[in-house]
S.K.: 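This structure is in structure tokens; I'll ask about it shortly.
Counting convention: from 1, in listed order, for ligands and their atoms alike. Given the structure is predicted, the values throughout are model-derived calculations rather than measurements.
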Amino acid sequence: MKRIVLDVDTGVDDALALLLALRSPELTLEAVTTVAGNVAVETATRNTRLVLELAQAPKKLRVAKGAAQPLQRPLLTAAQVHGSDGLGNVTGVYPPPQHPLAGNEASDLLLELIAQYGKELTIVATGPMTNLARAAQREPERFRQVGEIVQMGGALQVRGNTSPVAEFNVYVDPEAAAVVLAAGVPLRLVPLDVTEQVILLRSELRRRALERDSTVFQFVREFTVLYFDFQQRMSGLNGGYLHDPTAVVAVIDPALFTWQPARVEVRTDEAERGRTVATPAADSPVQVATAVDAARVLELFCDRVCR
Ligand code: BDR
Ligand code: CA
């Protein structure tokens, strides 16, 4: 069993990552922290609590709200991808979620969990790295005690999805990404190079729904419609990329990926904002995923979430 905390900017694929984490017996979800990214942090927090409530997560699972802005820049959101409510514009019909909100700020809770669990704790981050960077800047020594960070982010050999060279999570807060990638902690980076190979097709959702359906799965099928429509317009896919769930799978079964130790530099100048450049380095605590068994990641995801 791995103890994890999820740091999310919920978001369609973050919501899918949350559901996957809740339904994975290999993981103990200790807490969820939220950050501004796909939507404002208030909305990301509301969405997180809504997903937990619908999935009947235990009320004692702590949710802590984090950074409302990147470290040094104004926030850029992704309403065109995720909907203005972050979940495909389908959440208006739900009453405000009752899942409790913890009193702590996200980066405080991250540091508290590191103090409590140290090397046993994995932080799985699927949004901009602002909360992690704030924790690292405030208490660098303690931050280095974390077991591992698994971060969805970056575009190494492939085109970016937010600029020609940059992936969204890194583009939104490149300074934070630079802090975290240089913090000297074990970190696995799960970039677009692998997440864009893991594609959930609409036809697969339909097929699974015929086999086994539930209230949560109906919600999944509703909140993914706009996300799939966007990706269909952009790339002709009849489905969508499972970016954030792929990072959760990287914790559950790292052997489904090929990992390369590397130093990763983050560009912060305007021309190349958010570009991630990886140079192989055997002594680096950072490893980047360079290949993935996409069929098995997809199967693991669907067996647990599409039902
Ligand atoms: C990442 O950006 C966000 O829009 C998604 O939730 C994912 O974390 C993909 O680039
Ligand atoms: Ca995300």
S.K.: Does this structure show an ion pair linking E265 with R263, if we count only N-O contacts that are shorter than 4.0 Å?
M.R.: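 No, no charged N to carboxylate O under 4.0 Å.
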S.K.: Which residue owns the protein heavy atom closest to atom 8 (O) of ligand 1, what's the atom, and how far is it?
M.R.: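 Of the protein heavy atoms, D244 OD1, 2.6 Å lies nearest.
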S.K.: With heavy atoms under 4.0 Å as the rule, classify the contact between D14 and ligand 1 as side chain, backbone, both or neither.
M.R.: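 Within the 4.0 Å criterion, D14 contacts ligand 1 through side-chain atoms alone.
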S.K.: Salt bridge between R208 and E204, side-chain N to carboxylate O under 4.0 Å?
M.R.: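 Looking at E204 together with R208, the answer is yes, because their closest N to O distance falls below 4.0 Å.
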S.K.: Short list, please: which atoms of ligand 1 are under 4.0 Å from a heavy atom of F168?
M.R.: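 It comes down to these atoms of ligand 1: 2 (O), 3 (C), 4 (O), 10 (O).
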S.K.: Is there a nitrogen or oxygen of H243 sitting under 3.5 Å from a nitrogen or oxygen of ligand 1?
M.R.: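 No; every N/O pair is 3.5 Å or more apart.
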S.K.: Please lay out, stage by stage, how S163 and R273 fare under the test side chain to side chain donor-acceptor pair (under 3.5 Å).
M.R.: CA-CA 8 Å; S163 82; R273 170 179 174 175; over 6 Å; no
S.K.: Of the options T33, V41, T48, which is the one that meets K65 in a side-chain contact (heavy atoms from CB on, under 4.5 Å)?
M.R.: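 Among T33, V41, T48, the one that satisfies the side-chain contact (heavy atoms from CB on, under 4.5 Å) with K65 is V41.
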S.K.: Is the shortest distance from a heavy atom of D13 to ligand 1 less than 4.0 Å?
M.R.: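 D13 counts as a contact of ligand 1 under the 4.0 Å cut-off.
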S.K.: May I have the step-by-step check of side chain to side chain donor-acceptor pair (under 3.5 Å) for D193 and T290, ending in yes or no?
M.R.: CA-CA 7 Å; D193 305 58; T290 56; over 6 Å; no
S.K.: For atom 1 (C) of ligand 1, what is the nearest protein heavy atom, given as residue, atom name and distance?
M.R.: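 Here the closest protein heavy atom is E167 OE2, 3.3 Å.
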S.K.: For R3, run the salt bridge (charged side-chain N to carboxylate O under 4.0 Å, His left out) check against E26, E148, E120 and tell me which one passes.
M.R.: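 Running salt bridge (charged side-chain N to carboxylate O under 4.0 Å, His left out) over E26, E148, E120 with R3 returns exactly one hit, E120.
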S.K.: Give me the nearest non-hydrogen protein atom to atom 3 (C) of ligand 1 as residue plus atom name, then the distance to 0.1 Å.
M.R.: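 Protein heavy atom with the smallest distance to atom 3 (C) of ligand 1: N38 OD1, 3.2 Å.
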S.K.: With a cut-off of 3.0 Å, which protein N/O/S atoms are close to the Ca ion (ligand 2), if we only count those under it?
M.R.: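 Less than 3.0 Å away from the Ca ion (ligand 2) sit D9 OD1, D14 OD1, D14 OD2, T126 O, D244 OD2.
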S.K.: Take N161 and Y171 through the side chain to side chain contact (heavy atoms under 4.5 Å, CB included) test and state the conclusion after the steps.
M.R.: CA-CA 9 Å; N161 63 357; Y171 185 89; over 6 Å; no
S.K.: Using a strict threshold of under 4.0 Å (side-chain N to carboxylate O), is an ion pair present between D229 and R202?
M.R.: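 Between D229 and R202 there is a salt bridge, with a charged N closer than 4.0 Å to a carboxylate O.
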S.K.: Hey, is E211 close enough to R207 for a salt bridge, meaning N to O under 4.0 Å?
M.R.: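 Looking at R207 together with E211, the answer is yes, because their closest N to O distance falls below 4.0 Å.
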S.K.: Got a second to check how far D173's CG is from R73's CZ, nearest 0.5 Å?
M.R.: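 D173 CG to R73 CZ: 8.0 Å, rounded to 0.5 Å.
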S.K.: Please confirm whether D9 comes within less than 3.5 Å of ligand 1 when only nitrogen or oxygen atoms on both sides are compared.
M.R.: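 No, no N or O pair falls under 3.5 Å.
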S.K.: Going by the atom numbers of ligand 1, which of them fall below 4.0 Å from some non-hydrogen atom of N161?
M.R.: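 With N161 as reference, the close atoms of ligand 1 come out as 9 (C), 10 (O).
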